[in-house]
Amino acid sequence: MKQIELKAGREASVERKHPWIFSRALVSTKGIEAGDMVEVLDSEGHFCGRGYYEGGSIAVRLLTFAEGEQIDASLWQRRFQEALEARKAFGLLASPREGFRLVYGEGDSLPGLIVDLYGGVAVMQAHTLTMHLRRRELTESLATVLGERLEAVYYKSSDSLPMVEGVVDELLYGSIDAVEQVVAEEQGIRFSPDILRGQKTGFFLDQRQNRARVGELAKGRRVLNMFCYTGGFSLYALRGGAERVVSLDSSPRAMDLLEDNLKLNFGEVPTCHESVVGDAFKYLYEMEEGAFDMIILDPPAFAKRREVLRNGLQGYRKLNSAALRKIAKGGLLFTFSCSQVVGVEEFRQALFTAALHAGREVRVLEQFGQFADHPVSIYHPEGSYLKGFLLYVS
């Protein structure tokens, strides 16, 4: 294992167990290449941690702070087992068909790695070259931990590693039929994730508790689910007794999957549900005032990098202002941002401005975040990305 040295006075973040070391904190990276495992020493030669070198601004991601712990198959297995035990602690393994995130990067001490479990099918996604290079040994360790529960592992990193040449999505374990035919469950609702062609790993698991809240409040309401993708919020609203649900997305493929999910749960597409393929902003601007008394805004990230934060916040202001103008009196607006560079207070300020522009009285009833299967390490607050508010509009 190669050694890498910190500049004097740059060991404070490591002492606080933050898993990232930035390039400006390193003395030299000569002879070290992306993908190398490294041992990090302070300026006096004392052990700080072990991890891997990636290059770029976040140069090193640490996997362990324990001097005696080696980076090998036993470490991967321990991390997977610890992640599994954490999910067991809040009841996610009660059903063999449950869908949940098993590994959430730094939150599970495996920076750069995502593993979502849909019943017996695991979808693995690497966000760093090192995890990509070790995908097969990671799969072996995952199979050891999950045992008979595991039917297949599908690797899906072609979109998450655009800087790495030759990355292809591939089956690493089990049968492709299991991947194509999997049906998972979430709190009794069934869904078929679009693993092979869909966004991310095929479904957005982070909104689990927020979907449940929609279901609890949907009874008798007219619900508009914007950016619906495969219809998670719509399924909960319908189960909760909504009078009418309109699901809108710009993707015809997403709408086909939504209707498949409706049939999975209700036998057919309910007559009170309408699917709309279109532009969210155009639909909001043109729809009749008061047509809906519950609106859900869960758009894709408007700002993925800090350089475009200003434009992203402007997008959130415009979208929420349009929804606030049109929602019925006494309506409930669920509004979210999954942009990591947008802080909670920045998003709240965007909603404040939107409310002023819309000229509506708005109360904040609840604040939301990502579900517990996306845990945030106390040492890595950057892992918190999803923020949302429930607004009462009078």
Side-chain angles (χ1 to χ4, degrees), residues 90-91 99 185-191 203-249 258 261-262 265-266 269-276 280 283-284 287-299 316 319-338 344 347-348 350-352 354-355 358 360-374 386-394:
F90 45 90
E185 292 181 353
E186 182 183 276
Q187 301 180 97
I189 285 181
R190 291 178 293 169
F191 62 92
F203 194 72
F204 292 98
L205 296 163
D206 53 357
Q207 290 278 21
R208 179 188 179 108
Q209 75 224 34
N210 306 329
R211 285 191 280 264
R213 195 69 180 114
V214 163
E216 291 166 358
L217 298 174
K219 188 172 183 178
R221 291 187 177 272
R222 298 159 294 157
V223 179
L224 173 61
N225 181 15
M226 309 292 281
F227 311 96
C228 67
Y229 189 41
T230 57
F233 283 108
S234 301
L235 293 169
Y236 277 83
L238 288 164
R239 188 176 71 172
E243 177 186 311
R244 178 190 181 210
V245 177
V246 173
S247 302
L248 182 144
D249 200 277
L258 179 154
N261 286 332
L262 289 171
N265 289 275
F266 305 105
V269 177
T271 56
C272 62
H273 180 271
E274 179 184 355
S275 301
V276 177
Y283 188 90
L284 282 173
M287 80 182 200
E288 180 184 349
E289 288 186 17
F292 298 96
D293 47 20
M294 180 184 282
I295 297 178
I296 302 147
L297 302 177
D298 184 24
Y316 289 120
L319 178 66
N320 283 277
S321 179
L324 288 168
R325 284 192 178 97
K326 295 300 181 72
I327 197 168
K329 184 177 180 180
L332 297 176
L333 175 63
F334 285 80
T335 181
F336 299 94
S337 166
C338 63
V344 173
F347 187 48
R348 186 193 295 268
L351 298 177
F352 164 78
R360 302 293 296 270
E361 288 292 326
V362 177
R363 296 173 175 85
V364 176
L365 300 184
E366 294 182 53
Q367 185 172 329
F368 306 117
Q370 62 223 48
F371 184 52
D373 63 349
H374 292 61
L386 182 65
K387 70 285 302 178
F389 292 92
L390 171 57
L391 307 179
Y392 178 82
V393 187
S394 55

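- Within the 4.5 Å cutoff, no side-chain heavy atoms of K387 are placed close to those of R348.
- Within the 4.5 Å cutoff, side-chain heavy atoms of P270 are placed close to those of L262.
- Around CD of E366, the count of heavy atoms belonging to other residues, nucleotides or ligands within 6.0 Å exceeds 12.
- With hydrogens and angles disregarded, a donor-acceptor distance shorter than 3.5 Å links the side chain of K326 to the backbone of L284.
- If you run side-chain contact (heavy atoms from CB on, under 4.5 Å) between L390 and each of L332, V364, N210, only L332 comes through.
- Residues meeting the side-chain contact (heavy atoms from CB on, under 4.5 Å) test with Q209, sequence neighbours left out: F371.
- Shortest non-hydrogen contact noted between A358 and S321 is CB-O, 3.8 Å.
- Between V223 and F233, the closest side-chain pair of non-hydrogen atoms is not below 4.5 Å.
- The closest side-chain heavy-atom distance from M287 to I295 is below 4.5 Å.
- At a threshold of 4.5 Å between non-hydrogen side-chain atoms, the residues Y236 and R213 do not count as touching.
- Shown here for H273 and S247, the closest heavy-atom pair between the two residues is NE2-OG, 2.7 Å.
- Counting all heavy atoms, side chain and backbone alike, A291 lies closest to R244 at O-NH1, 4.4 Å.
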Evaluate the criterion side-chain contact (heavy atoms from CB on, under 4.5 Å) for residue pair E186 and L235; output intermediate values, then yes/no.
CA-CA 11 Å; E186 182 183 276; L235 293 169; over 6 Å; no

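- Applying the ring-ring contact (aromatic ring centres under 6.0 Å, His included) test to F368 and every residue at least two apart in sequence or in another chain returns F334, F336.
- When side chains are defined from C-beta on, P299 counts as touching Y316, because their heavy atoms get closer than 4.5 Å.
- No side-chain donor-acceptor contact under 3.5 Å links D298 to the backbone of C228.
- R360 approaches L324 most closely through the heavy-atom pair NH1-O, 2.7 Å.
- For L224 against Y283, the heavy-atom pair with the smallest separation is CD1-CE2, 3.8 Å.
- At distances below 3.5 Å, not a single donor-acceptor pair connects side-chain atoms of R221 with backbone N or O atoms of M294.
- Environment of CD in E288: sparse, with no more than 12 heavy atoms of neighbouring residues, nucleotides or ligands closer than 6.0 Å.
- Using a distance-only test at 3.5 Å, with no hydrogens or angles considered, no donor-acceptor pair links the side chain of R190 to the main chain of N261.
- A donor-acceptor pair under 3.5 Å is formed between the side chain of R222 and the backbone N or O of G290.
- To the nearest 0.5 Å, atom CG of residue L351 and atom CG of residue L297 are 9.5 Å apart.
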Please lay out, stage by stage, how C338 and L386 fare under the test side-chain contact (heavy atoms from CB on, under 4.5 Å).
CA-CA 5 Å; C338 63; L386 182 65; 4.1 Å; yes

Could you go through the side-chain contact (heavy atoms from CB on, under 4.5 Å) check for T230 and F191 one step at a time?
CA-CA 9 Å; T230 57; F191 62 92; over 6 Å; no

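- Under the 4.5 Å side-chain criterion, counting only non-hydrogen atoms from C-beta, I327 is not in contact with L391.
- A donor-acceptor pair is defined here as one N or O able to donate and one able to accept, closer than 3.5 Å; no such pair exists between the side chain of R239 and the backbone of N265.
- The distance from the CZ atom of F227 to the CG atom of D249 is 8.5 Å, given to the nearest 0.5 Å.
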For R211 and I189, run side-chain contact (heavy atoms from CB on, under 4.5 Å): C-alpha distance rounded to whole Å, both residues' side-chain angles, the deciding distance at 0.1 Å, then the answer.
CA-CA 11 Å; R211 285 191 280 264; I189 285 181; over 6 Å; no

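- Rounding to the nearest 0.5 angstrom, the gap separating the CD1 atom in I296 from the CE atom in M226 is 10.5 Å.
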